[in-house]
Amino acid sequence: MEHTFGSDHVSSGTINKHAVLTVKPLRCLAPIFPSAPDPSAPPSSQYASIPPTGPFPPGATPFFPFFAVNDSHKPAHPRPPYPIPSPVPLNSFKTPVSASGNGDIGTSRRSSRNRTVVDDDDGNSQSESYDNSFERNVETGNEVDGKIHVTRRKRKKKSGVPVSNTEVSIDSLVNDMLRTFNYVESDSVHQARNDKELADRVLIFFNLLRRKITQIDDKIKALPGAARRPDLRAGSVCMSYNVRANQDKRIGSVPGVDIGDIFFFRFELCLVGLHAPSMAGIDYLSSKFSADEEPLAVSIVSSGGYEDEGDDGDVLIYSGQGGVQRKDKQQMDQQLVRGNLALERSLHKANEVRVIRGLKDFASPTGKVYVYDGLYKIHESWIEKGKSGCNIFKYKLVRIAGQPEVFTLWKSVQLWKDGTTTRPGVILPDLTSGAESLPVCLVNDLDGEKGPAYFTYTSNLKYAKPFPSTKSSVLNCDCCTSGCQSGSNCPCVQRNEGQIPYTSLGVLLGHNSLIHECSNMCICPINCRNRISQAGLKMRLEVFKTKDRGWGLRSWDPIRSGSFICEYAGVVISENRTDSDDNYIFDATRTFEPLEPRPSDEPVKFPYPLIISARNEGNVARFMNHSCSPNVYWQPVIRENQDESYFHVGFFAIKHIPPMQELTFNYGMVLADKGGVRRKKCLCGSSKCKGVFY
DNA sequence: GGTTCTTCATGGTC
DNA sequence: CGACCATGAAGAAC
């Protein structure tokens with residue numbers, strides 16, 4: 001991506017804060033504090049004709065704007081034009097299809113080669129007579145049938161293990177997801193337009209599957225004490241069905257993975273080809289595949305398991321592996337074998353080594369976030385005595401110059417959050433003036449502009465007319481005083497087809513048609529798991545001046561894919577009152593590209609009209625710019641009222657978003673026959689850019 | 001080719 | 001909250 005990781009910060013010394021703070025428009029940003037909508041006013045006739053029954057009326061696509069993966073009902077769209085193999089009941093995801101058959105869902109193409117990409121003598125990465133792209137791989141497999149060995153993945157089969165309900169559920173889930181994602185032939189995942197898109201798709205699939213498996217585990221209580229590892233199971237499925245990228249090990253950078261990209265599971269590193277071992281910290285080319293018959297290190301994960309030192313952003317002291325008896329935890333001398341040997345050889349070969357740093361994820365106290373920190377070279381190695389008195393190998397890695405800042409940026413953000421240092425370029429420390437649960441600062445470290453045009457900050461969505469029937473004194477749910485649970489009889493949960501649409505971390509389970517949240521009509525507390533989008537901002541955001549697209553929005557915190565970011569606040573306006581000069585419009589009547597490849601790749605429409613103007617009053621969402629390859633999408637959420645014409649627009653992360661990367665969503669397309677909407681030139685810079693937006 | 005072995009993970013429980 | 005622990009899966013090594 002084009003973000004520059006703060007390298008262009010104007011130093012704080014160049015900013016006259018006093019002058020900035022006296023700028024009039026911004027001093028007038030008086031917040032309007034959240035207030036309940038007026039229930040006494042008459043209902044809006046604009047939406048009154050829409051039947052409140054069912055998630056969607058007949059004929060409306062339930063897949064807006066994306067698909068819905070739901071194991072509780074079958075997809076409602078007609079059969080796609082291409083042949084879909086009948087779902088093969090997988091015995092278990094652990095033993096995916098051992099039977100023969102062409103085109104079965106279980107068929108996984110996996111060539112038996114184990115080519116590697118190695119450095120030549122000049123230090124340039126070159127392919128060993130083999131192009132790493134999967135499309136090429138598939139081509140070759142088709143053209144020279146037999147040369148590229150097409151095999152099914154064989155897994156160890158545990159004998160005598162009964163197939164549990166959980167596994168049955170997961171099997172059908174996997175089948176559904178593979179179909180929905182059009183991954184029936186595993187190769188179709190690789191129809192991505194570029195490396196980045198491929199890596200993104202792999203991660204999206206993995207995370208959707210992982211969250212769904214978590215949900216099934218929650219529902220079907222597994223044996224107590226049994227460690228449930230949705231990450232490993234989802235990862236294993238991805239491996240089996242070849243939903244992965246950059247399978248061939250290589251030295252140097254990995255296509256589709258940018259420096260600064262973040263990951264939340266070790267398996268994600270594995271699936272995008274950044275670091276193959278599922279647990280081990282050192283990845284290396286085995287001696288068989290390296291030029292000198294010596295192993296060479298390709299990547300390391302520094303995650304806090306050993307006594308590493310990495311305080312300096314450009315130097316990392318990394319400990320070798322081994323020396324710990326895993327059963328009795330006894331310490332012993334480390335040996336110069338495996339990863340340690342590979343690092344030693346890489347020191348002499350002076351090849352680039354990818355470094356992934358495992359940092360504490362402050363957003364979730366239990367969690368860890370892995371940050372790809374770019375390429376390093378090993379400068380020294382030595383042996384020292386560890387705390388236990390045993391020998392430990394140490395390696396000094398130095399970051400190659402000229403790469404975008406990552407670790408130093410993370411450290412800066414931490415200091416800003418602590419209040420230890422001030423964010424350079426701050427114009428206003430909190431443009432919401434306290435209307436949000438967290439401050440949102442306004443920053444310009446590019447030029448002299450002092451802020452956006454005047455507007456009133458509100459965190460609410462205002463309907464032109466209040467809710468209709470206000471016999472809503474009837475409680476929505478009065479069952480869950482400690483928060484609602486999936487699978488319960490809670491009416492709010494039932495409206496979501498029996499499942500709370502969020503994980504325990506508050507991450508959206510999948511792309512739903514419509515989310516029914518609990519509300520202040522319910523007895524459950526505000527921290528109920530079914531009230532994610534009304535609990536306010538959870539991450540530190542900033543509004544900043546972009547290079548060429550006015551003001552934009554980005555986050556100081558890393559964002560997990562599926563996380564709620566904010567809703568679109570403003571004033572609901574009617575369709576015929578839209579003003580072509582209004583640049584702060586959210587328009588649900590436009591057509592939207594599906595997030596994922598679907599049988600028909602046509603844009604889809606949301607079945608209800610909703611247009612919000614945030615020109616005069618709005619929240620942070622009004623600063624989100626358009627992009628043709630966005631990292632945020634929107635999702636209708638119903639809360640106070642069960643009438644589906646009164647929904648909120650919730651924004652969720654499509655993928656993991658590193659700190660300080662601009663948040664963007666797709667504004668949608670306007671049909672050609674509709675006048676009055678100005679086209680604007682799109683500057684998103686994406687390879688999929690359509691050139692214009694509305 | 002199968003099997004063993006190793007491994008800076010996880011999520012739960014205490 | 002930290003220590004502990006059972007369960008894991010990929011891939012190198014044998």
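Both backbone and side-chain heavy atoms feed into the values below; hydrogens, waters and symmetry mates do not. Since the structure is predicted, the reported quantities are computational estimates derived from the model, not experimental observations.
Here the rule is side-chain contact (heavy atoms from CB on, under 4.5 Å) with A/F407, and of A/L316, A/D314, A/L359, A/V371 only A/L359 fits it.
Side-chain nitrogen and oxygen atoms of A/S278 include none within less than 4.0 Å of the OP1 or OP2 phosphate oxygen of C/dG11. For B/dT10, neither phosphate oxygen OP1 nor OP2 lies less than 4.0 angstrom from any side-chain nitrogen or oxygen of A/K368. A close approach under 4.0 Å does occur between a side-chain nitrogen or oxygen of A/K249 and OP1 or OP2 of C/dA12. The shortest distance between the side-chain N/O atoms of A/Y370 and the OP1/OP2 oxygens of B/dA9 is below 4.0 Å.
Nearest to the side chain of A/F267, among C/dA9, B/dA9, B/dG11, sits C/dA9. Comparing C/dA9, B/dC8, C/dG11 by their closest approach to the side chain of A/A276 singles out C/dG11. Side-chain proximity of A/L232 to B/dA9, C/dA9, C/dG11: nearest is C/dA9. Of the candidates B/dA9, B/dT6, C/dA12, the closest approach to any side-chain atom of A/Y284 belongs to C/dA12. Counting only heavy atoms from C-beta on, A/S319 has its side chain closest to B/dC8 among B/dC8, B/dT6, B/dT10.
In this entry the distance linking CG of A/D373 with P of B/dC8 reads 20 Å, nearest Å. The CG-P distance, from A/L269 to B/dC8, rounds to 14 Å in whole Å. Rounded to whole Å, atom P of B/dC8 lies 13 Å from atom OH of A/Y395. The separation between A/F206 atom CZ and C/dA9 atom C1' is 12 Å, rounded to whole Å. Put simply, CD on A/Q321 is 11 Å from C1' on C/dA12, counting in whole angstrom units. A straight line from CZ of A/F264 to P of B/dG11 spans 12 Å, rounded to a whole angstrom. The distance from atom CZ of A/R233 to atom P of C/dA9 is 9 Å, rounded to the nearest whole Å. Rounded to a whole Å, the CG atom of A/D231 is 11 Å from the P atom of B/dA9.
Between A/F652 and A/F564, the distance separating the two ring centers is shorter than 6.0 angstrom.
Side-chain N/O atoms of A/R229 and base N/O atoms of B/dA9 include a donor-acceptor pair closer than 3.5 Å.
When only modelled atom types and interatomic distance are considered, A/K538 and A/S563 share no side-chain donor-acceptor pair under 3.5 Å.
For A/S381, the side-chain hydrogen bond (donor to acceptor under 3.5 Å, both in side chains) partners are A/E344, not counting sequence neighbours.
Residues A/M539 and A/D557 share a closest heavy-atom pair of CA-OD2, 3.4 Å.
Stacking annotation: A/Y318 is stacked on the base of B/dC8 (ring centroids less than 5.5 angstrom apart, interplanar angle below 30 degrees).
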Could you write out DNA chain C as a dot-bracket string, with dots for unpaired bases, | for bases paired across to another strand, and Watson-Crick or G-U pairs counted at under 3.5 Å?
-> .||||||.||||||
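Pairs engaging residues 260-286 of chain A under the ring-ring contact (aromatic ring centres under 6.0 Å, His included) rule: A/F264-A/H656 [sequence neighbours left out].
The residue A/G339 sits apart from the nucleic acid: no heavy atom pair falls under 4.0 Å.
The side-chain tip of A/R354 does not point at the ring of A/Y376 from less than 6.0 angstrom away and within 45° of straight on.
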